[in-house]
Structures are given as C-alpha cells and as structure tokens.
Amino acid sequence: MTVRLYDSRSQSVVDLVPLVEGEVGIYVCGPTVQSSPHIGHLRSALVYDLWRRWLSYRGYRVTLVRNVTDIDDKILASAADDPEQWWALAYRFELEFSAGYTALGIQAPTYEPRATASIGQMHELIQRLIDAGHAYPAADASGDVYFDTASWPTYGELTRQKLADMEPAADADPRGKRDPRDFALWKGHKPTEPESASWGSPWGAGRPGWHIECSAMASRYLGSRFDIHGGGLDLRFPHHENELAQSTAAGDPFANYWVHNGLVNIGGQKMSKSLGNSIYAAEFLQSARPLVVRYYLGSAHYRSTIDYHDGALVEAEAALERIETFLTRVDRRLEGTDRAGSGAPVIPDAFAAAMDDDLAVPQALAVLHDAIRSGNAALDADDLEAAARIRGQVFAMTDVLGINPLLAPWSTAATSEAAPALARLVERLLADRDTAREAKDFAAADRIRDELAGAGIQLDDTPHGTQWSIA
RNA sequence: GGUGGAGUGGCCGAGAGGAUAGGCAGCGGCCUGCAAAGCCGUCCACACGGGUUCGAAUCCCGUCUCCACCUCCA
C-alpha cells in the first residue's frame with residue numbers, strides 16, 4: 001500500500017517516502033490573482049485536492065500550502081489605468097478563485113499564504129543568495145537584484161535544459177542583467193508604480209520578482225526541505241526551474257518530489273487570452289451542476305491533457321447520474337429493512353491499488369462503476385445483503401473522491417420548509433395515478449406522469465411502489 | 001534549434017508483451033400497461049511502415065501528424 005507518484009524531476013514513478021513518517025507536506029503554486037479563474041485553474045486546484053484526500057485516507061497527516069501571488073507586473077499593469085487599486089483588484093480576483101474552489105468542493109488548504117505577507121522571508125533568501133555569490137544587485141541604478149544563472153551549474157536540471165540551448169530571452173529589456181537568462185529576484189521601485197506596491201529592502205525600495213515568493217513561502221511554512229511541490233505543467237519552466245535554482249543555491253534542499261498537473265485545452269489548444277478561447281470558471285459553473293463539473297475535471301488522469309469539447313458535461317452528467325441513481329435506489333430499497341443505513345464504508349482493494357498508483361482515478365472510476373453494476377444487479381435479485389455491502393463501498397469510494405452526492409456540499413437533503421408540502425402534493429398525485437393504473441386508464445396515468453415530468457419530477461415504478469425524485 | 005508529451009473503437013478516456021478497462025451513444029433481448037431506471041448480450045479499437053517475439057496497442061528502428069515549454073501562464 002505504498003503510494004507511488006510520478007516525479008517530474010526524475011521522470012519516473014517512485015514510491016512516496018515522506019521526510020517525517022506519517023506526514024506529508026505539499027506546496028502547490030496557486031494563482032497569480034490578476035484575472036478571473038478559468039477551468040484550468042479549477043482543475044489544478046482539484047488535482048491537489050484529490051492528492052490530499054487520498055493521502056489523508058492513507059493515514060498521512062497532510063499539510064497543504066497553496067499560495068496566492070498577489071503582487072506582480074500584471075496586477076500592477078491591470079490596475080494602472082483604473083481607479084481601482086492594485087491590491088483591491090488582486091483581492092477581488094482572489095475572492096473569485098475562492099468562490100470557484102468552494103463551488104467544486106475543493107477543501108481549503110491547510111494554509112493559503114499571500115506573497116505580500118512574506119516579503120521579509122524573501123529578503124532573507126535573496127541575501128543568502130548574494131552572500132553565496134549566486135545573485136547580484138544590478139550595476140545600473142535600477143535597484144534590481146538578479147539571480148546569476150551562470151553561477152549555478154545545475155541550472156536547468158528540472159527541465160533537462162542546458163543553458164546554452166535555451167533561446168535567448170526575447171525579453172525586451174535586459175536592463176542590468178549580466179546574462180539575458182538571469183531572472184529578477186527583486187525589482188527596484190519605479191516612479192510610475194504606486195507607493196503601496198513598494199517595500200523597503202537592503203537593495204532599495206521595490207517589490208519581489210516572480211518565483212522568489214514561492215521559494216520563500218514554501219520554506220517558511222514547510223521547511224527548507226519538504227515532500228512535494230506541485231503546480232501546472234506550464235509552470236515547470238521557468239517558474240519551477242527558477243524556484244529550484246534559487247532555493248538550492250541558497251542552501252535549501254527544497255522539494256523531494258515535483259508533481260505537475262496536465263492542462264485543459266480547447267479544440268486541441270491551450271486556453272489563452274490572445275486566442276480568446278478561455279472558459280472561465282463562473283460561466284462553466286453556470287452550464288452544469290458543480291458536482292458535474294468536479295466529476296468532469298477530476299475524471300481524467302491528473303497528468304493528462306483534458307481537451308474540452310461540446311457535450312463533455314452532458315457525458316459527465318450521465319455518468320454521475322448512474323452513481324446517484326444507484327445510491328438513491330439502494331437507500332430506498334433498504335429503508336425500513338434491518339439493513340437500512342448498513343453497509344460499512346469500505347474502499348475495495350482494486351480501487352485503492354489504482355489510487356496508490358500515481359492517483360489513477362480513471363481506473364478507480366472503473367472499479368466504482370463495476371461496483372454500481374453489481375449493486376444494481378443485487379437489487380434486481382433482491383439480494384439485500386450484497387446490495388448493502390456494495391452501497392457501503394460506493395459510499396466510501398465517492399466520498400474519498402469528493403463526489404458523494406449524499407454528503408456535503410452536494411447533499412440536497414430536503415430540509416427546506418417547502419419540502420414536506422411538495423412531498424404531500426406529489427404523493428397525492430401518485431395516489432391518483434395508481435388509481436388510474438388499477439383501472440387501466442393509462443391515458444390518465446400518463447397525463448399525471450407527464451405533468452410531473454414537466455415540473456422536473458421523475459417517476460420510477462418499482463415492484464415496491466412508485467418512487468419520485470427531482471431531476 | 002533545445003526539452004517534454006500525445007495519436008486507442010461513433011465519442012470521451014484508461015492500460016503498457018498473452019484475459020472484458022470504464023463511461024456515453026447505438027443495436028438485440030429481459031423487465032414494464034407503456035415508459036424511465038435497471039439487468040444481460042452485442043459493437044472485438046490501438047497513427048503509418050518495418051523489425052524482435054510462440055505472441056505486440058504494449059518492446060526496437062524509421063516515418064507522419066498534433067500539443068506544451070524555452071523567462072507572462074494552472
């Protein structure tokens with residue numbers, strides 16, 4: 001029952017051996033809150049939510065840190081022509097991200113640090129790099145501090161690139177860099193930028209470069225060495241390469257394993273603003289139930305590219321309904337019997353084996369769907385013992401995947417005041433329909449069924465009576 | 001130019017030397033007053049060309065196509 005994961009650095013599936021037995025520390029690159037979240041952002045957060053849930057199920061105490069980068073060039077640029085302050089803009093988008101995560105049932109991370117709250121840790125890290133000879137303040141008067149890539153022999157190790165093979169940066173402004181491939185650790189304050197986006201530092205007032213915040217926050221909260229670093233595949237270079245370089249060059253061993261989630265494409269291409277093909281979280285969550293969105297984004301293997309196509313959500317909805325229908329069906333059948341509520345929540349071995357193997361969710365879902373077929377067959381055969389046992393398995397498997405429709409946040413238990421009134425009216429109509437059916441007045445019976453269907457209420461005639469549910 | 005990834009049945013999507021992945025859609029049957037739901041069966045695919053092997057979707061060689069990254073990116 002060793003959990004295995006694909007480590008991007010070694011390019012192989014390896015056993016997860018935590019630094020501290022029974023505990024796993026994960027740092028995930030969260031968003032730069034410069035615009036609204038799209039479905040790729042949701043997928044990324046969902047992937048680490050699934051990792052966290054599975055590792056927790058396996059008994060690990062998981063510390064999941066997912067940062068918010070709330071200061072960078074684009075945030076300042078977006079707010080520049082606006083009356084809105086950059087920090088207000090960043091926070092507004094941060095709230096949008098949070099809303100998207102919550103809607104999908106993504107559990108809050110253990111901590112969600114903002115970059116602007118760790119400026120001191122960044123200074124400390126930059127100073128160590130300067131002291132070690134791996135960073136230098138720019139020779140011009142910019143106040144910039146750069147990482148010296150040429151001084152770090154293993155630069156490029158994460159993505160297996162040689163410095164010499166890299167395309168020279170098309171970066172318009174090499175400013176005070178010794179080499180175009182050097183990257184900014186600290187950016188000197190410019191007169192055009194707001195004072196509120198400037199922090200004092202040993203090298204003059206300014207703000208952090210991109211990358212340094214993640215190194216600083218990862219070590220601040222998880223230690224100079226920790227278990228897993230995650231993020232989107234597109235962050236491998238330069239972001240993660242630079243994080244690795246600056247942290248290790250400063251003497252921090254940093255992450256033991258690097259995990260990268262696949263991206264969400266549209267029509268075979270990555271979403272991008274220039275192509276205008278992004279699907280934003282808010283609109284996506286309007287087009288289907290959030291549970292369906294979670295199922296859809298979570299059902300592919302986490303390292304695969306998801307290529308979104310029309311109809312994908314309809315298919316996900318159908319698959320999910322199969323799960324929901326079974327659970328509803330089995331609970332109704334067991335209700336009032338001595339097996340009501342029974343069925344120990346046991347995860348089948350085949351499911352666990354799949355999840356242990358680099359989070360093979362697609363195979364785990366195959367186990368889930370097989371269980372549902374067996375469960376339905378058991379119900380058809382009136383084998384309540386088997387039905388209850390399988391019910392428990394389905395309950396447990398969907399729970400660990402965060403798609404158990406009977407549990408929060410998906411449960412729509414009829415707790416509203418209107419529910420009993422609705423039930424009474426529907427049951428009255430069902431009684432009328434039964435009377436009509438007994439009298440073989442099927443036209444009248446079907447009229448009632450159609451009428452209920454028009455109101456979104458589905459009927460299910462079983463040997464044990466007619467069940468109804470809201471579609 | 002460099003570094004990775006991918007091409008699987010009508011669609012989605014796993015697998016990685018020898019059994020049925022799974023879902024959706026379709027078809028046939030059972031059940032039903034008829035439906036719906038459910039069950040059973042069916043649909044036997046792996047970009048192309050060679051090769052290795054008793055056996056290849058899976059390994060090797062070559063070819064084609066697509067995607068991502070190379071200092072904005074989840």
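Only a predicted model underlies this, so the values are computations on that prediction, with no experimental measurement involved. Within every chain, numbering begins at 1; the chains are lettered A, B, ... in the order of the sequence lines, protein sequences first and strands thereafter.
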Engineer: Please work out if A:Leu263 contacts a base, only the sugar-phosphate, or nothing of the nucleic acid, heavy-atom cut-off 4.0 Å.
Structural biologist: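 Base, at least one base heavy atom under 4.0 Å.
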Engineer: If you measure from the P atom in B:rA35 to the same atom in B:rG26, how many Å do you get, rounded?
Structural biologist: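 Per the computed distance, 15 Å lies between those P atoms.
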Engineer: Side chain of A:Lys74 only, heavy atoms from C-beta on: which candidate in B:rA74, B:rC72, B:rU71 is closest?
Structural biologist: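 Selected nucleotide: B:rC72.
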Engineer: Parallel, tilted or perpendicular: which describes the rings of A:His229 and A:Phe254, with under 30° parallel and over 60° perpendicular?
Structural biologist: tilted
Engineer: Looking at every strand, decide which applies to A:Thr462 at a 4.0 Å heavy-atom threshold: base, sugar-phosphate, or nothing.
Structural biologist: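 Since no nucleic acid heavy atom lies under 4.0 Å of A:Thr462, the category is nothing.
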Engineer: Please give the nucleotide sitting opposite B:rA16 as a Watson-Crick or G-U wobble pair, both distances under 3.5 Å, or none.
Structural biologist: none
Engineer: Touch check for A:Gln11, heavy atoms < 4.0 angstrom, all strands: base, sugar-phosphate only, or nothing?
Structural biologist: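 Counting heavy atoms under 4.0 Å across all strands, the contact made by A:Gln11 is with sugar-phosphate only.
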Engineer: Between A:Phe284 and A:Tyr308 (judged by ring centroids, cut-off 6.0 Å), do the two rings come close enough to count as a pair?
Structural biologist: yes
Engineer: When the P atoms of B:rA36 and B:rC24 are considered, how many whole Å apart are they?
Structural biologist: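 One P to the other, the span is 15 Å.
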Engineer: Applying a 4.0 Å non-hydrogen cut-off, can you work out what A:His301 is touching in the nucleic acid: base, sugar-phosphate, or nothing?
Structural biologist: sugar-phosphate
Engineer: Remember a base hit wins even if backbone is also touched, and classify A:Arg437 as base, sugar-phosphate or nothing at under 4.0 Å, heavy atoms.
Structural biologist: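 The residue A:Arg437 makes base contact.
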Engineer: Distance check, C1' atoms only: B:rC67 and B:rC31, in whole angstrom units.
Structural biologist: 48 Å
Engineer: Could you check whether A:Ala312 gets within reach of a base, just the sugar-phosphate, or nothing at all, counting any heavy atom under 4.0 Å?
Structural biologist: nothing
Engineer: Hey, are A:Ser36 and A:Glu96 close enough side-chain-wise for a donor-acceptor pair under 3.5 Å?
Structural biologist: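 Side chains of A:Glu96 and A:Ser36: pair found under 3.5 Å.
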Engineer: Over all strands shown, is A:Arg9 touching base, sugar-phosphate only, or nothing at heavy-atom distances under 4.0 angstrom?
Structural biologist: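 Answer is nothing: A:Arg9 stays at 4.0 Å or more from every strand.
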Engineer: Taking pairing as Watson-Crick or G-U wobble with both contacts under 3.5 Å, can you name the mate of B:rA21, or confirm there isn't one?
Structural biologist: none
Engineer: Can you tell me the base-pairing partner of B:rA45? Count Watson-Crick or G-U wobble geometry only, both distances below 3.5 Å, and say none if there is no partner.
Structural biologist: none
Engineer: Scan A:Asp72 against the nucleic acid and name what it touches under 4.0 Å (heavy atoms): base, sugar-phosphate only, or nothing.
Structural biologist: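 The residue A:Asp72 makes no contact with any strand.
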Engineer: Would you classify A:Gly40 as touching base, sugar-phosphate or nothing, given that sugar-phosphate means primed atoms plus P, OP1 and OP2, and contacts are heavy atoms under 4.0 Å?
Structural biologist: base
Engineer: Could you please name the option among B:rU3, B:rC34, B:rA74 that lies closest to any side-chain atom of A:Gln161?
Structural biologist: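 In terms of side-chain proximity for A:Gln161, the closest of B:rU3, B:rC34, B:rA74 is B:rU3.
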Engineer: Checking all strands, does A:Val28 fall into the base, sugar-phosphate, or nothing category for heavy-atom contacts under 4.0 angstrom?
Structural biologist: nothing
Engineer: Please report, rounded to the nearest Å, how far the C1' atom of B:rA68 is from the NE2 atom of A:His240.
Structural biologist: 15 Å
Engineer: We want to know whether A:Asp72 and A:Thr32 form a side-chain donor-acceptor pair, criterion being a heavy-atom distance below 3.5 angstrom.
Structural biologist: no
Engineer: If I take atom CG in residue A:Asp307 and atom C1' in nucleotide B:rA68, what distance separates them, rounded to the nearest angstrom?
Structural biologist: 13 Å
Engineer: Given atom CD1 of A:Ile457 and atom P of B:rA37, what is their separation to the nearest angstrom?
Structural biologist: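 It works out to 18 Å between those atoms.
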Engineer: Do side-chain atoms of A:Trp51 reach the backbone of A:Ile26 as a donor and acceptor pair under 3.5 angstrom?
Structural biologist: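 Checked: no pair found.
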Engineer: Quick one: look up who B:rU3 pairs with, Watson-Crick or G-U, both distances under 3.5 Å, and put none if it's unpaired.
Structural biologist: B:rA68
Engineer: Which part of the nucleic acid does A:Asn265 contact within heavy-atom distance under 4.0 Å: base, sugar-phosphate only, or nothing?
Structural biologist: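 Sugar-phosphate contact only - A:Asn265 comes under 4.0 Å of backbone atoms but never of a base.
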Engineer: Have a look at A:Arg160 and say if it touches a base, only the backbone sugar-phosphate, or nothing, with a 4.0 Å heavy-atom cut-off.
Structural biologist: sugar-phosphate
Engineer: Tell me which nucleotide among B:rC67, B:rC11, B:rA14 gets nearest to the side chain of A:Gln269.
Structural biologist: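 Out of B:rC67, B:rC11, B:rA14, the nucleotide with an atom closest to A:Gln269's side chain is B:rC67.
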Engineer: With rounding to whole Å, what would you report as the distance between B:rG15 and B:rC54 at their C1' atoms?
Structural biologist: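 The same atom, C1', in both gives a distance of 23 Å.
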Engineer: Looking at B:rG38, B:rC70, B:rC11, which one has an atom nearest to any side-chain atom of A:Arg329?
Structural biologist: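 The closest nucleotide is B:rG38.
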Engineer: Angle class for the A:His260/A:His240 ring planes (parallel below 30°, perpendicular above 60°, tilted otherwise)?
Structural biologist: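 Geometry flag for A:His240 against A:His260: tilted rings.
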Engineer: Using only heavy-atom distances, decide whether a donor-acceptor pair under 3.5 angstrom links the side-chain of A:Asp357 to the base of B:rG15.
Structural biologist: no
Engineer: Please give, in whole Å, the distance from B:rC72 P to A:Leu235 CG?
Structural biologist: 13 Å
Engineer: Determine: side-chain N/O of A:His369 to OP1/OP2 of B:rG22, distance under 4.0 Å, yes or no.
Structural biologist: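 False: A:His369 side-chain N/O out of range (4.0 Å or more) of B:rG22 OP1/OP2.
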Engineer: State which of B:rA74, B:rA35, B:rC39 makes the closest approach to the side chain of A:Asp461.
Structural biologist: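 Among B:rA74, B:rA35, B:rC39, the one nearest the side chain of A:Asp461 is B:rA35.
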Engineer: Among side-chain atoms of A:Tyr155 and A:Asn242, is any donor-acceptor pair under 3.5 angstrom?
Structural biologist: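 A:Asn242 and A:Tyr155 do have a side-chain donor-acceptor pair below 3.5 Å.
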Engineer: Under a plain distance cut-off of 3.5 Å, with no hydrogens placed, do A:Asp307 and A:Thr305 share a side-chain donor-acceptor pair?
Structural biologist: no
Engineer: B:rA74 C1' sits how many Å from A:Ile266 CD1, rounded?
Structural biologist: 13 Å
Engineer: Mind calculating the distance between CG (A:Leu379) and P (B:rC40) to the nearest angstrom?
Structural biologist: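 In whole Å, B:rC40 P lies 13 Å from A:Leu379 CG.
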Engineer: Taking any heavy-atom pair under 4.0 Å as a contact, classify A:His260: base, sugar-phosphate, or nothing.
Structural biologist: nothing
Engineer: If we count only N and O atoms by modelled type, under 3.5 Å, do the side chains of A:Arg329 and A:Asn376 hold a donor and an acceptor together?
Structural biologist: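 A:Arg329 vs A:Asn376: donor-acceptor pair found between side chains.
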Engineer: So, under a plain 3.5 Å distance rule, would you say the side chain of A:Arg449 forms a donor-acceptor pair with the base of B:rC34?
Structural biologist: yes
Engineer: Can you check whether any acceptor in the base of B:rU71 is under 3.5 Å from a donor in the side chain of A:Tyr146, or vice versa?
Structural biologist: no
Engineer: For RNA chain B, whose closest nucleotide is more 5', that of A:Gly268 or that of A:Lys162?
Structural biologist: A:Lys162
Engineer: Could you tell me whether the side chains of A:Tyr101 and A:Asp49 share a donor-acceptor contact shorter than 3.5 Å?
Structural biologist: no
Engineer: From CG of A:Leu297 over to P of B:rA74, roughly how many Å is that when rounded to an integer?
Structural biologist: 16 Å
Engineer: Can you tell me if the side-chain N/O atoms of A:Ser8 get under 4.0 Å from OP1 or OP2 in B:rG4?
Structural biologist: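 False: A:Ser8 side-chain N/O out of range (4.0 Å or more) of B:rG4 OP1/OP2.
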Engineer: For nucleotides B:rA37 and B:rU20, find the distance between their C1' atoms and express it as a whole number of Å.
Structural biologist: 24 Å
Engineer: Below the 4.0 Å mark, does B:rC39 have OP1 or OP2 next to a side-chain nitrogen or oxygen of A:Asn376?
Structural biologist: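 Result: yes.
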Engineer: Using the C1' atom as the reference point in each nucleotide, state the distance between B:rC30 and B:rG7 in Å, no decimals.
Structural biologist: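 That atom pair is separated by 40 Å.
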Engineer: Roughly how many Å apart are B:rU42 and B:rG49, using the P atom of each and rounding to a whole number?
Structural biologist: 29 Å
Engineer: Which comes earlier along RNA chain B counting from the 5' end, the contact point of A:Asp380 or that of A:Pro31, where each point is its nearest nucleotide?
Structural biologist: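 That would be A:Asp380.
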Engineer: Determine the contact category for A:Tyr155: base if any of its heavy atoms lies under 4.0 Å from a base atom, sugar-phosphate if only primed atoms, P, OP1 or OP2 are that close, otherwise nothing.
Structural biologist: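 Base, at least one base heavy atom under 4.0 Å.
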Engineer: Given atom CD of A:Gln458 and atom P of B:rU32, what is their separation to the nearest angstrom?
Structural biologist: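 Answer to the nearest Å: 21 Å.
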Engineer: Does any nucleotide pair with B:rU52 by Watson-Crick or G-U wobble geometry, both distances under 3.5 Å, and what is it?
Structural biologist: none
Engineer: Taking only side-chain nitrogens and oxygens of A:Lys270, does any of them come within less than 4.0 Å of OP1 or OP2 of B:rC69?
Structural biologist: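 Answer is yes, contact under 4.0 Å.
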Engineer: Using the P atoms only, state how far B:rC60 lies from B:rG5, rounded to an integer number of Å.
Structural biologist: 13 Å
Engineer: Check the phosphate of B:rG38 against A:Arg322, side-chain N and O only, distance under 4.0 Å to OP1 or OP2. Yes or no?
Structural biologist: yes
